[in-house]
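Single-structure report; data block below.
Chain naming here is simple, since letters A, B, ... match the order of the sequence lines and numbering starts at 1 in each.
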There are 2 protein chains.
Amino acid sequence: MRRMTARPANAHQARLLKLLRDGGPNSRAQLGDQVDLSRSKLAVEVDRLLETELVVADGLAASRGGRRSHNIRLNPHLRFLGVDIGATSIDVAVTNAELEILGHINQPMDVREGPVAVFEQVLSMAAKLKASGLAEGFDGAGIGVPGPVRFPEGVPVAPPIMPGWDGFPVREALSQELGCPVMVDNDVNLMAMGEQHAGVARTVADFLCVKIGTGIGCGIVVGGEVYRGTTGSAGDIGHIQAVPDGHPCACGNRGCLEAHFSGAALARDALEAAQQNRSPELAARLENHGTLTAVDVAAAAAAGDATSLDLIREGGNRTGQVIAGLVSFFNPGLVVIGGGVTGLGHTLLAAIRTQVYRQSLPLATGNLPIVLGELGPTAGVIGAARLISDHLFSPA
Amino acid sequence: MRRMTARPANAHQARLLKLLRDGGPNSRAQLGDQVDLSRSKLAVEVDRLLETELVVADGLAASRGGRRSHNIRLNPHLRFLGVDIGATSIDVAVTNAELEILGHINQPMDVREGPVAVFEQVLSMAAKLKASGLAEGFDGAGIGVPGPVRFPEGVPVAPPIMPGWDGFPVREALSQELGCPVMVDNDVNLMAMGEQHAGVARTVADFLCVKIGTGIGCGIVVGGEVYRGTTGSAGDIGHIQAVPDGHPCACGNRGCLEAHFSGAALARDALEAAQQNRSPELAARLENHGTLTAVDVAAAAAAGDATSLDLIREGGNRTGQVIAGLVSFFNPGLVVIGGGVTGLGHTLLAAIRTQVYRQSLPLATGNLPIVLGELGPTAGVIGAARLISDHLFSPA
DNA sequence: CTACTTTTTCCACTCAGAGGACAAAGACGG
DNA sequence: CCGTCTTTGTCCTCTGAGTGGAAAAAGTAG
């Protein structure tokens, strides 16, 4: 099928496309209620969108008491590809133009194998989704990578955990391979956009989205827009000092948050506890699997293992301390906790909450929800689809 | 004289007013070069502005080789009042529409004497400026207060160091008294706006402005706009934990940055050092003045007093640690250090720089200047004038 | 004084958008 | 089944913002 290459010609059309994306099919009349344009103007713009085939007419709308209206919806053949490259796994999903996930696959892979190997994998996963009949091609793709990105160019810059990716033209290369527009961003920013689009942050303009996975990062949303900082490294909170003279960190300093609590740190501490026989539960799991990960700690904690619970609580406290500082500074309307270790669930959340509510001033915390993300592993790919759709649904 | 009550009628006029404010008198042709409007449209809008008397014709412009053009400038009779209410003193200044300070007076006063007493003082200072012939009246006033403000309403909310101000309708009250529009903001935000308008931050879109005075606060500028947070308390970094289990703080926690370094903390530590005879220099000053303030520490340090230098270095380290965290999180393009204790100058700056450059990641610090504010005590009042002018020079 | 520039004004023309009138299509009561 | 009412969609005219060219005004350079 011929891909849609059209873009909205003006801000009105862009507005309409975003309304249809976020609100699903709508009649002209319903659209008119939302955009403050005269009926004539609206009709003109809708007609032009119909001509570009970005939107299509779609049957009759429910009656509101008078003449029934015809629904307008985004072209149901539009397909976006959402790719979330994590430190240790890759998520790829296909969505329609309303950003609903039509198919989603996950594959373990170490990002340190380098961009070439990773892209091979991504392309084969995309091909698999295509083969299953979900898409005939892609109209756009969003990519998340676990490190800072120079956003306008879509190029990773000095990513600590992605050797070999520095300066690699991710956007350019994937755009070539996929034959469609591509946007690249930090995976944490995409998670924030996902939760904003379809998750807990739908109604909040200013919020933080803390992702605790192999590393720790934080998406910052200001006035509904992701804030990326001067060089694209905003939200890189993993290397804030959490413990004076604490554990050494890969970055060269000591006591970084990431060195004390993250998927990697948790695995390390669990291994130590198992070997020192402080936790029979963990020791048993080590015996079985030959290795320990954050998942084991979560399972052990769920089974009531005191050492594991302590590890989680301790980490939650550290993280909570750092978040408390950020809350004082940024005064967000919401804090979302997400990422791989959310399996640790409410033990973690409780520890974080305790620290934040204790350390930040009442004015900042008075009405501040701190919640777990509600999309889990789909937040990233939804955010990725959102990223490219925001781009494509803006005037050229 | 009749005050100007006109406001720009549309975005074009607002744009022109701001260009004239920031760039001084300009010919129509020069304005045309900057605004991307057709000559005819520009002429129409300028004529309308002339009708409202917001701008006036002002002689001939310098020749650019052809017909000489007439200059347009903001009405030279326009006057803004900038008020900066600090914890222990009040600054009041009069500016013209280009935000140049025409007169500036400072008066010690404790903000804890409450809004009524403080406003009496402010009004008498404003009257004095008027009496000296600098203004016949004010077209607008900006007010900075040392605590969080619900910005749209111009009302302090739960200000820790301003008992009695909570909920006091500052904007409303002063607007009544002065008979002109008033805007209220946190003093730190105004300092940031001042440095942005006329100081070191003129060309930077995203920066932090750390003010170390009686307390510690931080102005946050995102995309050229001050970010105030969900409840107006953004930038309240004085109560971030800097020292685990450190000094008790008035807020009820321990180890807050403000409890370890600020005008008040410095005075406390200096007094202790003097009494314990660790510093002859400080002891002598205590003898002379009967009390010690941050100014004494600065003087002693300048005279080579080792204890004072240590106090400054120690405080700078603490502050630098906190700033390092904020830099990692926010990735600003510039950090400005200002406030009362900038007398401590380069000793302080060096300590802060050391910590930030050591603790934050190279990507965030690589191109990050950390500098002292360049406006000193005028930053606040200039920012106040800027605040109200931004308001008045926007479409009604 | 002449040739050339630049600035400013004037004017005709275009185009986006508003809003009213009217036609189309269904709901609903009799 | 029919007339009335409501909602939706289309058409058409009118307005006002804005553009761009031409010419006048007012200089500079030689």
Each nucleotide N or O in nucleotides 19-21 of chain D that has a protein N or O under 3.5 Å away: list the pair and distance.
{"unit_1": "D:dT19", "atom_1": "OP2", "unit_2": "B:Ser38", "atom_2": "N", "d": "3.2"}
{"unit_1": "D:dT19", "atom_1": "OP2", "unit_2": "B:Ser38", "atom_2": "OG", "d": "2.7"}
{"unit_1": "D:dG20", "atom_1": "N7", "unit_2": "B:Ser40", "atom_2": "OG", "d": "3.4"}
{"unit_1": "D:dG20", "atom_1": "O6", "unit_2": "B:Ser40", "atom_2": "OG", "d": "2.5"}
{"unit_1": "D:dG21", "atom_1": "N7", "unit_2": "B:Arg39", "atom_2": "NH2", "d": "3.3"}

Out of the candidates A:Asn96, A:Leu392, A:Val94, only one should pair with A:Phe80 under the side chain to side chain contact (heavy atoms under 4.5 Å, CB included) rule; please name it. A:Leu392
Tell me what A:Ala43 touches on the nucleic acid: a base, only sugar-phosphate, or nothing, going by heavy atoms under 4.0 Å. nothing
Between B:Asn26 (CG) and C:dT7 (C1'), how many Å, whole number? 14 Å
Find the distance B:Asp47:CG to C:dT8:P and express it as a whole number of Å. 11 Å
Set of side-chain contact (heavy atoms from CB on, under 4.5 Å) partners for A:Asp36, sequence neighbours left out: none
For A:His70 and D:dT10, give me the distance from atom NE2 to atom P, rounded to whole Å. 9 Å
Establish, with yes or no, whether the OP1 or OP2 oxygen of C:dT9 is under 4.0 angstrom from a side-chain nitrogen or oxygen of B:Arg28. yes
Note, A:Ser394 side chain near A:Lys18 side chain (heavy atom, < 4.5 Å): yes
Beyond-backbone contact of A:Leu31 with A:Leu37, side-chain heavy atoms, under 4.5 angstrom: no
Expressed in angstrom and rounded to an integer, what is the separation of B:Leu42 atom CG from C:dT9 atom P? 10 Å
Euclidean distance, atom CG of residue A:Asn71 to atom C1' of D:dT8 [Å, nearest integer]: 13 Å
From NE2 of A:His12 over to P of C:dA16, roughly how many Å is that when rounded to an integer? 10 Å
Looking at A:Glu195, A:Glu374, A:Gln196, which one forms a side-chain hydrogen bond (donor to acceptor under 3.5 Å, both in side chains) with A:Arg202? A:Glu374
Side-chain touch A:Phe393/A:Gln13, heavy atoms, less than 4.5 angstrom: no
